[in-house]
Amino acid sequence: MTVLITGLGGTLAPALGAAFAARGETVAGWDRSRVDPEDRAAGEALLDELDPTAVCHLAMGPEAWAAALAGWCRTRRRPFLFTSTAMVFDHRPDGFVIDLGHVAS
């Protein structure tokens, strides 16, 4: 299983990526230097290339990016997780680490 996680340079996404990796899942990130989130055609090409079995969108970015990711997942019947962050309102990271060890595969 390959999970695409956006926001791996942030606060929460690296913890989620580590949890998936610890379960033996392959974690792929979105490299903004390679594909601009606002370039819908390039983004869809990247998704088709990676062909993730699930997408977790934790990065900050335009609403259209979230919509494009959700749409891609919907048409391919893939799970899509979207979350935002309290850091939208305050610059101090005060989140917590999610333990996925108890979640069944």
Side-chain angles (χ1 to χ4, degrees):
M1 178 172 148
T2 298
V3 179
L4 171 64
I5 302 178
T6 66
L8 286 174
T11 303
L12 180 59
L16 182 61
F20 275 115
R23 292 170 44 119
E25 313 297 349
T26 300
V27 175
W30 187 290
D31 183 353
R32 289 179 191 230
S33 68
R34 180 176 165 213
V35 178
D36 183 342
E38 296 193 55
D39 184 340
R40 188 162 183 148
E44 189 158 324
L46 175 65
L47 288 165
D48 289 341
E49 174 188 323
L50 292 173
D51 195 27
T53 52
V55 175
C56 301
H57 184 41
L58 283 70
M60 293 180 8
E63 290 178 28
W65 185 23
L69 292 169
W72 187 91
C73 288
R74 182 185 67 241
T75 61
R76 287 157 184 82
R77 307 186 79 141
R78 308 285 170 85
F80 176 69
L81 168 72
F82 172 74
T83 188
S84 188
T85 174
M87 291 181 68
V88 168
F89 306 104
D90 187 332
H91 71 281
R92 292 178 307 233
D94 59 358
F96 56 91
V97 175
I98 298 171
D99 178 8
L100 295 178
H102 67 282
V103 177
S105 300

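Everything numeric here is computed off the predicted structure, so don't read it as measured data. If you read the sequence from its start, that first residue is 1, and numbering goes on from there.
Residue P79 comes nearest to C73 through the heavy atom pair O-SG, 3.8 Å, listed as atom of the first residue, atom of the second, then distance. C56 approaches F20 most closely through the heavy-atom pair SG-CE1, 4.0 Å. Here the shortest heavy-atom pairing between W30 and V35 reads NE1-O, 2.9 Å. Taking both residues in full, the closest heavy atoms of A13 and L8 are given as O-CD2, 3.5 Å, listed atom of the first, atom of the second, then distance. Closest approach of A66 to H57, counting heavy atoms only: CB-CD2, 3.6 Å.
Within the model, atoms CG of L58 and CD1 of I5 stand 7.5 Å from one another, a figure rounded to the nearest 0.5 Å. A distance of 10.5 Å separates CH2 in W65 from CE in M60, rounded to the nearest 0.5 Å. Note that the CH2 atom of W72 and the CD atom of E44 stand 9.0 Å from one another [nearest 0.5 Å]. We find the CZ-CG distance between R40 and L47 to be 10.0 Å, quoted to the nearest 0.5 Å.
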task = Start with the C-alpha distance between L4 and L46, add both sets of side-chain angles, then the distance that settles side chain to side chain contact (heavy atoms under 4.5 Å, CB included), and finish with yes or no.
result = CA-CA 11 Å; L4 171 64; L46 175 65; 5.7 Å; no

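The environment of E49 atom CD is dense: over 12 non-hydrogen atoms of other residues, nucleotides or ligands sit within 6.0 angstrom.
Side chain of R78 to main chain of P52: a donor-acceptor pair is present (N/O by atom type, distance under 3.5 Å, no hydrogens or angles). In this structure, T53 contributes its side chain and T2 its backbone to a donor-acceptor pair below 3.5 Å. Distance alone, capped at 3.5 Å, is enough to place a donor-acceptor pair between the T6 side chain and the A59 backbone.
The shortest distance between side-chain heavy atoms of V3 and L16 does not fall below 4.5 Å.
Linking Ile, Leu, Val, Met, Phe, Trp and Tyr whenever their side-chain heavy atoms come within less than 4.5 Å leaves L81 and L69 in two separate clusters.
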